[in-house]
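For the numbers below, each heavy atom of this structure counts, side chains included, while hydrogens, waters and symmetry mates do not.
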Amino acid sequence: MVCGGPTEMGYPRFLRIVLPLALLFLFLYLSVTKLPDVHLHECLQDGKPCRQIPNDVIEDIRLDPSDVQLLENVMKNCKQHEFQIGRMVEAFRYCMTEKKDILLEEYLIAWRQLIKFMDALGTVFTFISSETMTKVNILQGYLNGEHGKDYRTVTSMVKYELENEVVNFKELPPNRVPSGCRTLLRLHRALKFLEVFLYNLGMSVGKDKTSQMCADAYHKTLSHHHSWFIRQVAEVAFLALPPIEDMYKVVCVSNHKDAKIVLLTTVDAIVKVYNITQEVYTKHGMLDLP
């Protein structure tokens, strides 16, 4: 008998594990590099606008002293993972200005934590994390560049790139670094999907499958803009997501009650940032940049 290979009984189990992971990798790769641009400013359900996440979702939760203590512990003292949800929430809160603008440096700090969150869900997300980090680095390059002061906020970036004809509304010129506006739009779109997914996790009863919650978020945001093939790949790919108990560990909680407090607090910060960015892009007709 040859040692080291799967046994006859092991092949079905091997395929059940590897196939979803392979399909998820393909789905993420195509979503990032091959698919046509999509509109994530809409939330659809059965072909109709669905109920949007409230702007202040945390108002749905009544915090007692123990809940406040939980938030403080998680936000400040959870250091068992490289991903720290407290730092991410703090960054999203700090990136908003009193004039309803977004500070780009703080926005990118928040995204770096989101990337760590994706990494914490398993090695299958490494590729998409790498592609997302590439976009973060492009924006960081603009911030550190000669015209960095013009990239301090989303509004100032849009103003500068429009006035200097950096933005191309028809196509992405070959062999050219994407504009800051185009790059931010891709992160903005990804943020909507993660926003809805985290909201679903927080509002679940603790027994729902993460694959179902992720699929629901996908159906409400991305699926209406994908081909039949990509939708089928996505349905199988979501099966590779870890169980909800593992999700709880990533955000340093152990039960649904605590997870609801922490996750909806996170979503509350994300929603506000997303809405401000959405308004800026809508004002300048930039939601469909190629």
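- Using a 30° and 60° split on the angle between ring planes, His188 and Tyr274 fall in the parallel class, below 30°.
- Side-chain atoms of Ser156 and Asp150 include no donor-acceptor pair closer than 3.5 Å.
- For the atom pair CE (Met213) and CG (Asp208), the distance works out to 5.0 Å, reported to the nearest 0.5 Å.
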Side chain to side chain contact (heavy atoms under 4.5 Å, CB included) between Val177 and Arg182, worked out: CA-CA 10 Å; Val177 177; Arg182 179 188 186 277; over 6 Å; no
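- Contact annotation: the side chain of Ser204 approaches that of Ile244 to within less than 4.5 Å [non-hydrogen atoms, C-beta and beyond].
- Heavy-atom contacts from other residues, nucleotides or ligands closer than 6.0 Å to CZ of Arg112 number more than 12.
- Remark: the backbone N or O of Gln84 is paired with a side-chain donor or acceptor of Gln113 at under 3.5 angstrom.
- For the atom pair Thr266 OG1 and Tyr199 OH, the distance stands at 14.0 Å (nearest 0.5 Å).
- Taking both residues in full, the closest heavy atoms of Thr183 and Lys135 are given as CG2-O, 3.3 Å, listed atom of the first, atom of the second, then distance.
- Rounding to the nearest 0.5 Å gives a distance of 7.5 Å between CZ of Arg189 and CG of Leu289.
- Residues Met96 and Val280 share a hydrophobic cluster, clusters being chains of Ile/Leu/Val/Met/Phe/Trp/Tyr side chains in contact below 4.5 Å.
- With values rounded to the nearest 0.5 angstrom, Leu108 atom CG is found 11.0 Å from Leu103 atom CG.
- Scanning both residues, Gly180 and Leu139, for their nearest heavy atoms gives O-CD2, 3.5 Å.
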Quick one: do Ser179 and Asn168 satisfy side chain to side chain contact (heavy atoms under 4.5 Å, CB included)? Show the steps, please. CA-CA 8 Å; Ser179 67; Asn168 193 311; over 6 Å; no
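- Considering every non-hydrogen atom in both Met118 and Trp111, the closest pair reads CE-CZ3, 4.3 Å.
- Looking only at side-chain heavy atoms (C-beta outward), Gln278 and Leu287 come within less than 4.5 Å of each other.
- A salt bridge does not link Arg93 with Glu90: every distance from a Lys NZ or Arg NE/NH1/NH2 to an Asp or Glu carboxylate oxygen is 4.0 Å or more.
- The residues Lys159 and Glu163 are annotated as salt-bridged, a charged nitrogen and a carboxylate oxygen being separated by less than 4.0 angstrom.
- Connection of Phe197 to Met203 is established within a shared hydrophobic cluster, with ILVMFWY side chains joined at heavy-atom distances below 4.5 Å, either directly or through further cluster members.
- Phe92 and Ile276 end up in the same hydrophobic cluster when Ile, Leu, Val, Met, Phe, Trp and Tyr side chains are linked at under 4.5 Å.
- Heavy-atom minimum distance, Met286 versus Leu185: O-CD2, 3.4 Å.
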Side chain to side chain contact (heavy atoms under 4.5 Å, CB included) for Asp268 and Val89? Distances and angles first, verdict last. CA-CA 9 Å; Asp268 181 63; Val89 173; over 6 Å; no
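- Remark: the Asn144 side chain and the Gln140 side chain contain an N/O donor-acceptor pair separated by less than 3.5 Å.
- Between Tyr142 and His147, the ring centre distance reaches or exceeds 6.0 Å.
- In this structure the side chain of Met88 reaches within 4.5 angstrom of the side chain of Phe83, judged on heavy atoms.
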Between Ile85 and Cys252, is a side chain to side chain contact (heavy atoms under 4.5 Å, CB included) present by the stated rule, with each step listed? CA-CA 9 Å; Ile85 194 168; Cys252 296; over 6 Å; no
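- To the nearest 0.5 Å, atoms CD (Glu195) and CG (Asn200) are separated by 10.5 Å.
- Side-chain contact between Val154 and Tyr281 is present, with heavy atoms from C-beta onward closer than 4.5 Å.
- Both Leu194 and Met133 sit in one connected hydrophobic cluster of ILVMFWY residues. Membership requires side-chain heavy atoms under 4.5 Å apart, directly or through other members.
- For the pair Asp246 and Lys249, the minimum side-chain heavy-atom distance is below 4.5 Å.
- A 4.5 Å side-chain heavy-atom check between Lys99 and Thr155 finds every atom pair outside the cut-off.
- Transitive grouping of hydrophobic side chains (ILVMFWY, heavy atoms separated by less than 4.5 Å) brings Ile270 and Leu187 into a common cluster.
- Side-chain contact check for Thr153 versus Leu104: every heavy-atom pair is 4.5 Å or farther apart.
- Residues Lys257 and Lys260 fail the side-chain proximity criterion, which asks for heavy atoms closer than 4.5 Å.
- Shown here for Pro243 and Thr210, the closest heavy-atom pair between the two residues is C-CG2, 3.8 Å.
- Nearest heavy-atom pair across Tyr248 and Ala259 is CE2-CB, 3.3 Å.
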Going through the checks in order, is the side-chain hydrogen bond (donor to acceptor under 3.5 Å, both in side chains) test met by Tyr151 and Glu105? CA-CA 9 Å; Tyr151 287 83; Glu105 185 74 57; over 6 Å; no
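- Rounding to the nearest 0.5 Å gives a distance of 11.0 Å between OG1 of Thr132 and CG of Leu191.
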